[in-house]
Amino acid sequence: MNHQPSQSNDLLLSQYYYELPSRYIAQTPAVPRDSSRLMVVNSQTSHVHSSFCNLTNWLLPGDLLILNNTRVIPARLYGQKVGGASVEILLLEEIKSNCWLALVKPGKRFKLGAEIIFTGNSAHDSDYLKATVIESARATGGRILQFEIPEGKTFWSMLDRLGEMPLPPYITSRESEAEQYQTIFAQERGAVAAPTAGLHFTDDLFTKLSNQGVETAYITLHVGVGTFRPVETETITEHNMHHEWIEVSSETVAKIKATKARGGRVIAVGTTAVRALEGTAHNSQTSEGKDLQPFRGKTNLFIYPGYQWQIVDGLITNFHLPGSSLLMLVSALTGRERLLNLYQEAIANDYRFYSFGDAMLILPDARVN
């Protein structure tokens, strides 16, 4: 699901790269969460350095924050192939009950019919998961695994005990706690990565926002590994965007419509909230026109410069990887050249990047269209 941007350079993958010294990649989260820094892009020409705990200074009564309530599952499992070889899998998506699409390492050991045993550190022989490879998944290079669950157990209870939090590969430190890679409002399990813009929020900050008259609503988008996969085609319109499962409820739709009707602003918290909202808007288009409707399903919406916004007025987001579809999405709000200049400003001011890093608030007055 693509569209045509206005400038040819915006179509080129090579125009979305920047140099980031590794010391700027955050290895641990800010404590407390809202002590992270916040770059506020408040117009098409200006920005301000602030702190996330001061978010109330930049939002207005009647604004609506849209947050992603997905919950990260302990999706990384280590086990042994029957026969002895060590293996690693990353669960991606539940296909049906106890049957999962997974990335596997090393792939050559996962032929059809192969069996894997996951025991964790358990000393109990009966307390293990067993999976059988039942199909190859060419689109992802993964495998479909059918799990056998011990009697009296559930898949989720076993996964909670045996699985590990799937931190991104650029987080090499293991000093953070698993719950620090969850938002405090995480509810719907299914993601293999956190919606990281939401990691900055605290209960105290939500209370201050509520007292100020800022409303909140939730969508669900289960973040998949495709989020982190780089765009690999030089002409970005040739990129096959991954699908992600989303749900935008009737309650959230009603809040969005009420906000728009009173002249309030819809501020998405994270690129996942953007994809859910704009994907739902595209799904709601009919021959009679546009009327936002609740949606539950998958979206493969690819947003880059030139995109015509339907729902989102502003965005809270972290600093993203070079060449990523997320960088292209944010560029659609600010313009590509300006965003890369802001990134250089962030580096010059020692901002922390990526999942555990600092945040950027793009206000509606800073939008390029």
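As the structure is a computational prediction, the values presented were derived from the model and not from experiment.
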- S51 side chain vs N54 backbone, donor-acceptor pair below 3.5 Å: no
**Request:** Indicate yes or no for a side-chain donor-acceptor contact from E278 to the backbone of L301 under 3.5 Å, with no hydrogens or angles considered.
**Result:** no
Connected to Y78, directly or through other members, by ILVMFWY side-chain contacts below 4.5 Å are none
Those residues at least two apart in sequence (or on a different chain) that pass ring-ring contact (aromatic ring centres under 6.0 Å, His included) with H49 are H47, Y351
The complete set of salt bridge (Lys or Arg N to Asp or Glu O under 4.0 Å) pairs with one or both residues in residues 176-202, sequence neighbours excluded, reads R71-E179
Contacts of E135 meeting side chain to side chain contact (heavy atoms under 4.5 Å, CB included) (sequence neighbours excluded), chain-then-number -> I144
Residue pairs passing the salt bridge (Lys or Arg N to Asp or Glu O under 4.0 Å) test with at least one member in residues 348-357, sequence neighbours excluded, are none
Note: with side-chain heavy atoms under 4.5 Å as the link, the other cluster members for W58 come out as L38, V40, V48, F52, L55, L59, L65, L67, I184, F185, F201, L205, F206, L209, V214, Y218, I267, V269, I316, L361, L363
The ring-ring contact (aromatic ring centres under 6.0 Å, His included) partners of Y18 (sequence neighbours excluded) come to Y343
Indicate yes or no: does K298 engage E244 in a salt bridge with an N to O separation below 4.0 Å.
no
Taking C-beta and beyond as the side chain, do L167 and Y181 meet within less than 4.5 Å on heavy atoms?
yes
Residue set satisfying side chain to side chain contact (heavy atoms under 4.5 Å, CB included) with V104, at least two apart, ordered chain then number -> I89, F110, R143
Which of Q344, M360, M328 passes side chain to side chain contact (heavy atoms under 4.5 Å, CB included) with L339? It is M360
Residue set satisfying side chain to side chain contact (heavy atoms under 4.5 Å, CB included) with K208, at least two apart, ordered chain then number -> T56, D204
Taken in chain and number order and not counting sequence neighbours, the residues that satisfy side chain to side chain contact (heavy atoms under 4.5 Å, CB included) with E175 are T28, S173
By side-chain hydrogen bond (donor to acceptor under 3.5 Å, both in side chains), H222 pairs with (sequence neighbours left out) T70
Assess the pair H320 and Y354: is the distance between their ring centroids shorter than 6.0 Å? no
Hits for side-chain hydrogen bond (donor to acceptor under 3.5 Å, both in side chains) against Q180, two or more places apart or cross-chain, chain-then-number order -> none
Can the ring centroids of H282 and Y307 be said to lie less than 6.0 angstrom from one another? yes
Checking W156, F155, Y128 against F147 for ring pair (Phe, Tyr, Trp, His ring centres under 6.0 Å), the one that qualifies is F155
